[in-house]
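Each chain gets a letter, A, B and so on, in the order the sequences are listed, and its residues count up from 1.
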There are 2 protein chains.
Amino acid sequence: MTAITWQSVQAEALRRIRSREWPPGGQIPHEADLAEELGCARATVNRALRDLAEAGLLERRRKAGTRVPLNPVRKATLDIPIIRQDVEGRGQAYGYRLILRDTTLPPPEIRSLLKLKPKQTLIHILALHLAEAMPFCLEDRWVNPDAVPEFADADLSAISANEWLVQNAAFSAGDFAFGASAATAEAATHLNCPSGAPLFTVERTTWAAALPITAVCLSYAPGYKMRAEI
Amino acid sequence: MTAITWQSVQAEALRRIRSREWPPGGQIPHEADLAEELGCARATVNRALRDLAEAGLLERRRKAGTRVPLNPVRKATLDIPIIRQDVEGRGQAYGYRLILRDTTLPPPEIRSLLKLKPKQTLIHILALHLAEAMPFCLEDRWVNPDAVPEFADADLSAISANEWLVQNAAFSAGDFAFGASAATAEAATHLNCPSGAPLFTVERTTWAAALPITAVCLSYAPGYKMRAEI
DNA sequence: GAGTGGTCTAGACCACGGG
DNA sequence: CCGTGGTCTAGACCACTCG
């Protein structure tokens, strides 16, 4: 009977790493040797070590073998839910208010961010997400109608642009930048906080292949924290 | 000849998801059917779909099968390097200055965060990380000497606590909280910014099993952005 | 050139959990 | 109960890369 799973192999490897039985900077045995020692197939060892390498706890290279990194670059995984789910996941009642919806020329920084041609117009959205009727997050978004033509017909008073896009243009690529900025006068009004208050911000751009879909800046009300585990 | 890899299966699955050939909320074929259709082994399909599920693009449950989620919770991966590598990775010269090193009772919020007994003393570190001789990040750290006794002998003028711990107590578990806060007068002095300036902050706690190792708050100089891709 | 991880296969058994 | 994904195996070939 085989009580050996890839998880148990992984746990044993992790133990050896943490106990420095496999010291930082050192090579560890080959997959084949480990498989024999632990009494399982090489594929099982492979699965276990591959997962550890993806988390940054091991470095693997063909021919060079597997080693414990001296300065591990750990990987943390962030969940990116739609804002409604973020609020509801905290056990709070979600609310939403559309503030502005317009079609206009974007400012230069948005145009260059999305690599648009000079005269390309975008749909501009400003919306407030609420938790227990308190301001939670201000969404300042630009949408490329060429990438998602149906968006022009979306009823943004019933569903947030955030949610609409996740449901209709999801599964695409993009990048995030997290930072802090001072609340502008307008943001302070909407978020009901002092002007200049420190706000946690998420800037995101989304692409369908080479076609830009949307750029958004989310400004969270003071006190918001984004969490991750490792 | 087998031109079929799990990556190609994954790409095909992704295409069907994005093209809505597999619509949101809908079931997709079983692994066995897909394997037959695509002409590969079930294990290959499994690997491809498992990876998509880990990224949040599919939901898999035994017996219920695999479906495309209506509101996908995307997963983004963050790299957590040591600060020196973060700076050097930007092509800048790294510098470091130890500001304070003390052994004392932690404030209540740190004590409860690390679940310490009332009279447990910790080592308190305050240090500044520099990029091109400009303030980059302020490190405010508490270390549990019971968890890492050797830390008491570390020469923190030569190596940052951040780096020492990564090299000597790495591979442990922990959690992160990202947020924004206003620069205190002291932080403003060290970071050379106005008091009250919005700072991007990372709070982290690290554990070896049930034993708390360290709690740290990193305050980044104004303008810092943390990036991730999806 | 040769060693190491990367991957595929065909088959098998198992565990979870929906109906 | 029993279908579906989760996993293990033994063997094979391949691709990368170090020496």
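Checking Phe200(B), Tyr224(B), Tyr96(B) one by one against Phe136(B), the ring pair (Phe, Tyr, Trp, His ring centres under 6.0 Å) holds for a single residue, Tyr224(B).
The interatomic distance linking Leu34(B) (CG) with dT4(D) (P) rounds to 12 Å, in whole Å.
OP1 or OP2 of dT7(D) sits under 4.0 Å from a side-chain N or O of Gln7(A). Between dT4(C) and Arg61(A), no contact under 4.0 Å exists linking OP1 or OP2 to a side-chain N or O. Contact between the side-chain N/O atoms of Thr5(B) and the OP1/OP2 oxygens of dG6(C) is not found at any separation under 4.0 Å. Of the side-chain N and O atoms in Thr66(B), none sit less than 4.0 angstrom from OP1 or OP2 of dT4(D).
Salt bridge annotation for Glu36(A)-Arg42(A): absent, with no cationic side-chain nitrogen under 4.0 angstrom from a carboxylate oxygen. Of the charged side-chain nitrogens involved, none lies within less than 4.0 Å of a carboxylate oxygen, so that Arg20(A) and Glu150(B) do not count as a salt-bridged pair.
Of all the residues in residues 40-52 of chain B, Arg42(B), Asn46(B) reach under 4.0 Å from DNA chain D with at least one non-hydrogen atom.
For the residue pair Asn162(B) / Glu139(B), no side-chain donor-acceptor distance below 3.5 Å is found, with atom types taken as modelled.
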Enumerate the protein-to-nucleotides 1-3 of chain D contacts in which both atoms are nitrogen or oxygen and the separation is below 3.5 Å.
| residue | atom | partner | partner atom | Å |
| --- | --- | --- | --- | --- |
| dG3(D) | O4' | Lys63(B) | NZ | 3.4 |

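When the local axes at the two ends of the helix from dG1(C)-dC18(D) to dG18(C)-dC1(D) are compared, using 5 base pairs at each end, they differ in direction by 20° after rounding to 10°.
In terms of heavy atoms, Tyr94(B) sits closest to Arg84(B) at CD2-CG, 3.4 Å.
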